[in-house]
Amino acid sequence: MGVGRCLLLAFMSLQAQLSVAGEAAVSLCFEDTMVYPWITGDDKGLALLEMALVERDLGVKFEFQRLPWRRCLMEVQQGRIKAAIAASFNKERAAWGSYPTQADGSLSRELRMHTDSFHVYRRVDSPVRWQNQRFDNLGAQPVGVQLGYSVGKNVEELGYPIKSARSSEDLMRMLEFGVLQVAVLQNFEAMRLLKGSASLRKLLVEEGPPVKVADQYLLFNTAFFEANPGLVKAIWSAVERARKSKPYQDEEAAMLGPEPQPR
């Protein structure tokens, strides 16, 4: 079979998958707590803007569900929802889900949705310190992490116990009331919470460097990917175009500028 015919067949297959997607919406889920600036409401935030731009680009239709993050991942794992918005990589998720990869099997960073980092925050009166990828003076105390976040697994793999909470706000309250001495929080969301509370700014201090810098991807159920490879790859490619587009770049600059404001 000639190269031209192979390309034609691949194009026709993709068109057929896009046609099916146009008739039946592709279900996606995202977490139900604020994660500034990526998710700031039911249809707001940079991650949701990206997906709207992908819809416009490809002519596909997405059906969105906002769920607790752990449940979102479980629904994708079971195939009841096709993909999770803004999931970082870990081996457990890769066992049932598909990330965009290169020919050698490594992650394709260009097809990411965005990148964020996870930082240690501690009470100013706490002796706990984070340096050289380890905690000093932690003892048997747990490290606060958000429920279902992959950074929790990273902390556990370093040998430390964790205490999970549903949201960054909950973790901040646990720090405020002394339930926790230290927590790992997503960077921009933690900055938003601190910016809005003078009391928290006096109570908490960031303990750098970051625990983790993580690219976030549109994570598909593997069975769906294997049944619709052309469609999924087209969506991943459109995510890259959306992230680099002027509407997205303008909104990102507005939300992450010198004085970022919730939008």
Side-chain angles (χ1 to χ4, degrees), residues 29-36 38-39 67-77 84 86-97 99 107 115-217 219:
C29 61
F30 60 101
E31 67 179 288
D32 62 348
T33 61
M34 170 86 83
V35 190
Y36 190 87
W38 320 117
I39 295 167
L67 301 170
W69 185 234
R70 179 180 281 182
R71 183 183 166 195
C72 173
L73 293 174
M74 186 179 299
E75 293 291 307
V76 177
Q77 180 178 2
S88 59
F89 177 86
N90 70 21
K91 293 179 181 178
E92 289 182 359
R93 295 173 187 172
W96 51 261
Y99 296 87
L107 287 170
T115 302
D116 206 339
S117 53
F118 295 83
H119 295 250
V120 171
Y121 287 85
R122 64 170 175 84
R123 293 175 56 94
V124 294
D125 57 0
S126 172
V128 177
R129 297 293 183 272
W130 169 253
Q131 52 189 356
N132 300 319
Q133 288 294 295
R134 64 186 298 270
F135 286 103
D136 292 330
N137 307 316
L138 182 64
Q141 297 177 91
V143 178
V145 297
Q146 207 160 331
L147 185 65
Y149 274 32
S150 63
V151 73
K153 178 62 68 176
N154 297 123
V155 172
E156 287 183 317
E157 288 174 350
L158 291 172
Y160 302 108
I162 63 171
K163 185 176 183 64
S164 298
R166 186 170 173 271
S167 67
S168 295
E169 289 96 332
D170 290 341
L171 288 172
M172 287 286 194
R173 280 193 288 270
M174 292 165 79
L175 288 166
E176 185 176 12
F177 296 135
V179 177
L180 291 171
Q181 295 297 306
V182 64
V184 178
L185 298 166
Q186 204 157 356
N187 180 43
F188 294 116
E189 175 63 6
M191 289 171 60
R192 180 189 72 85
L193 292 170
L194 290 172
K195 186 174 186 294
S197 172
S199 62
L200 285 177
R201 290 196 300 274
K202 293 178 181 178
L203 179 68
L204 303 179
V205 61
E206 180 186 344
E207 191 75 13
V211 176
K212 180 180 184 179
V213 177
D215 293 327
Q216 310 283 320
Y217 295 91
L219 172 62

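Using a 4.0 Å cut-off between charged nitrogen and carboxylate oxygen, R192 and E189 count as a salt-bridge pair.
Within the 4.5 Å cutoff, side-chain heavy atoms of E31 are placed close to those of I39. Looking at heavy atoms from C-beta onward, V155 lies in side-chain contact with V184 at the 4.5 angstrom threshold. Counting only heavy atoms from C-beta outward, the side chains of S164 and V145 approach each other to under 4.5 Å. Side-chain contact between C29 and V76: present, with at least one pair of heavy atoms (C-beta onward) separated by less than 4.5 Å. Counting heavy atoms from C-beta on, the side chains of L180 and P142 come closer than 4.5 Å. Contact of the V211 side chain with the V120 side chain is registered, since non-hydrogen atoms from C-beta on lie closer than 4.5 Å.
Here CG of L203 is found 7.0 Å from CG of D125. Values are rounded to the nearest 0.5 Å. Atom CG of L200 and atom CD of E169 lie 10.5 Å apart (nearest 0.5 Å). Annotation: the span from K91 atom NZ to S150 atom OG amounts to 13.5 Å, rounded to 0.5 Å. Going from atom CD of Q216 over to atom OG1 of T115 covers 8.0 Å, rounded to the nearest 0.5 Å. The CG atom of L185 sits 8.0 Å away from atom CG of L194, with the distance rounded to the nearest 0.5 Å. Atom CZ in F118 sits 8.5 Å away from atom CG in N154 (nearest 0.5 Å).
Note: Y149 and W69 have perpendicular aromatic rings, judged against thresholds of 30 and 60 degrees for the angle between ring planes.
The minimum heavy-atom distance linking N137 with P127 is given by the pair ND2-O, 2.9 Å. Smallest separation of non-hydrogen atoms from M172 and A190: CE-O, 4.0 Å. Nearest heavy atoms, G152 versus I162: O-CG2, 4.0 Å. Looking at every heavy atom in both residues, P161 comes nearest to A140 through CG-O, 3.9 Å.
Side-chain contact annotation: Q146 with S168, donor-acceptor N/O pair under 3.5 Å present. Judged purely by distance below 3.5 Å, without hydrogens or angles, the side chains of K153 and N90 never pair a donor atom with an acceptor atom.
Every residue two or more places apart in sequence or in another chain that forms a salt bridge (charged side-chain N to carboxylate O under 4.0 Å, His left out) with R134 is listed here: D136. The side-chain hydrogen bond (donor to acceptor under 3.5 Å, both in side chains) test applied to D116 returns W38, Q186, not counting sequence neighbours. Taking the side-chain hydrogen bond (donor to acceptor under 3.5 Å, both in side chains) definition, one finds that R166 meets it with D32, sequence neighbours left out.
Between the side chain of R123 and the backbone N or O of E176, at least one donor-acceptor pair lies under 3.5 Å. In this structure, Y99 contributes its side chain and L219 its backbone to no donor-acceptor pair below 3.5 Å. Between the side chain of Q141 and the backbone N or O of L138 there is at least one donor-acceptor pair closer than 3.5 Å.
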Handout entry: Chi angles and distances behind the side chain to side chain contact (heavy atoms under 4.5 Å, CB included) call for F30, L67
Key = CA-CA 6 Å; F30 60 101; L67 301 170; over 6 Å; no

Practice task
Quick one: do R122 and R129 satisfy side chain to side chain contact (heavy atoms under 4.5 Å, CB included)? Show the steps, please.
Solution key: CA-CA 8 Å; R122 64 170 175 84; R129 297 293 183 272; 3.1 Å; yes

Practice task
Please step through side chain to side chain contact (heavy atoms under 4.5 Å, CB included) for the pair E156 and V143, ending with a clear verdict.
Solution key: CA-CA 9 Å; E156 287 183 317; V143 178; over 6 Å; no

Practice task
Give the intermediate values and the outcome of side chain to side chain contact (heavy atoms under 4.5 Å, CB included) for residues R93 and L73.
Solution key: CA-CA 8 Å; R93 295 173 187 172; L73 293 174; 3.7 Å; yes

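Atom CE of M174 is surrounded by more than 12 heavy atoms from other residues, nucleotides or ligands within 6.0 Å. Dense packing is recorded around NZ of K212, with more than 12 heavy atoms of other residues, nucleotides or ligands lying under 6.0 Å away.
In this structure, Y217 has its ring center at least 6.0 angstrom away from the ring center of F89.
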